[in-house]
Amino acid sequence: MLRRQLDQTLPGRTIVAAEITRPTMFVSPTGLPLEVVRGRTILGVRRRAKMLIFDLSDALALLVHLKLAGQLAHRRGDEVLAVGGHPVPRCDAPLPHRSSHGRFDLDDGSVLWLTDIRVFARVWLLPAAEVDELLRDRKLGLEPFDPAFTRAYLRQALQRHRTLPIKSALLEQTRFVGLGNIYADEALIAAGLHPERAAGSLGDDEVGRLHGAIQAVLRYAVEHGPADLPRGRVRDGAEFPRAHGRAGLPCLTCGAELRRIKVGARSTDFCPSCQPAAS
DNA sequence: AACTACTCCTGGAGGC
DNA sequence: TGCCTCCAGGAGTAGT
């Protein structure tokens with residue numbers, strides 16, 4: 001969603017100034033200073049797993065990982081051209097926010113803002129030729145819409161984590177990528193699987209349900225934007241979030257009260273009725 | 001190789 | 001209203 005928006009508004013724009021005020025947020029593996037992006041043109045915006053890749057002219061690239069609270073907003077004055085990531089600050093809030101730690105000024109007067117209230121987001125600057133190596137080092141698994149991500153692949157991936165809770169296995173990025181804490185909960189409630197089930201204990205039909213749920217959740221996220229709304233509110237007509245952030249509220253399917261537990265130190269919301277401990 | 005615990009940060013929510 | 005405490009959460013790393 002965010003990548004699609006940015007890939008509509010940014011290509012062709014030239015960076016006239018760039019600043020990242022938090023040193024920890026900027027990573028330059030080859031020592032290139034951020035200033036070298038000045039005068040470079042943005043050619044396109046790609047995505048690999050949870051990394052956004054901005055291809056620049058002169059064989060440079062910027063990589064951005066928003067982590068858990070990062071937000072990118074492309075603005076021209078008060079006009080919002082593109083926005084995505086964490087919901088704080090609100091998409092129509094005046095920028096810079098006090099947590100706006102990065103800005104890229106573009107040749108048409110618009111600005112790409114990076115705001116992160118937790119300061120966990122990272123921006124890498126490196127030669128384009130080294131992007132693949134950086135991504136390879138992260139040992140990322142398959143994209144869930146890769147044709148190779150089949151039910152059989154998922155079953156095999158889960159078998160490698162026999163005793164690990166299924167919720168924890170879904171967050172592991174080395175077999176397949178894209179699910180964070182929220183979407184993992186959403187995939188599990190859609191598949192009707194208890195988050196503490198052992199990953200290796202799923203039957204073929206359960207793996208099939210999970211496979212479909214993972215793709216459905218991520219397809220919805222790509223088309224409609226993040227499920228991350230404050231306090232579990234559900235957008236009018238929206239399918240998500242059905243689980244995450246809704247502990248104590250009634251299940252949208254059966255009306256039972258959703259529960260919150262910790263799985264692998266991660267907050268996990270689920271429906272005790274729709275997601276039984278064993279099937 | 002699989003798994004757990006710890007770390008990084010600080011805005012915002014909730015308690016009183 | 002305002003001060004205080006605690007929670008969230010991706011992923012790298014060290015240790016078992």
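Letters A, B, ... are given to chains in the order of the sequence lines, protein chains preceding strands, and every chain is numbered from 1.
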Is the shortest side-chain N/O distance from A:H65 to OP1 or OP2 of C:dG10 below 4.0 Å? no
Does A:H244 make a side-chain N or O approach to OP1 or OP2 of C:dG9 shorter than 4.0 Å? yes
Within this structure, what is the [atom1]-to-[atom2] distance between [X] and [N], rounded to whole angstrom?
| X | N | atom1 | atom2 | value |
| --- | --- | --- | --- | --- |
| A:R122 | C:dA11 | CZ | P | 12 Å |
| A:H101 | B:dG11 | NE2 | C1' | 10 Å |
| A:E186 | C:dG9 | CD | P | 12 Å |
| A:F120 | C:dA11 | CZ | P | 12 Å |
| A:L170 | C:dG10 | CG | C1' | 15 Å |
| A:L179 | C:dA11 | CG | P | 11 Å |
| A:H86 | B:dA13 | NE2 | C1' | 13 Å |
| A:R90 | B:dG11 | CZ | C1' | 16 Å |

Please, which pairs that meet side-chain hydrogen bond (donor to acceptor under 3.5 Å, both in side chains) have at least one residue in residues 100-116 of chain A, sequence neighbours excluded? A:R13-A:D107, A:H74-A:S110, A:R76-A:D108, A:S100-A:T115, A:R103-A:D105, A:D108-A:S110
For a quick check of understanding: with a heavy-atom distance under 4.0 Å over all strands, which category does A:R175 fall into, base, sugar-phosphate or nothing? sugar-phosphate
Is it the case that over 12 heavy atoms from other parts of the model lie below 6.0 angstrom from the CZ atom of A:R219? yes
What nitrogen or oxygen pairs link the protein and nucleotides 5-7 of chain B at under 3.5 Å?
none

Could you check which residues of residues 151-169 of chain A get a heavy atom under 4.0 Å from DNA chain C? Sort them by number, please. none
Please list, for nucleotides 12-16 of chain C, all pairs of protein and nucleotide N/O atoms separated by less than 3.5 Å.
residue, atom, partner, partner atom, Å
C:dG12, OP1, A:R138, NH1, 3.4
C:dG12, OP1, A:R138, NH2, 2.8

Output a table of nitrogen or oxygen pairs between the protein and nucleotides 4-7 of chain C separated by less than 3.5 Å.
none

Relative to the ring of A:F149, is the ring of A:F176 parallel (under 30°), tilted (30 to 60°) or perpendicular (over 60°)? tilted
Using links of under 4.5 Å between side-chain heavy atoms of ILVMFWY residues, direct or through other members, which residues join A:L164 in one cluster? none
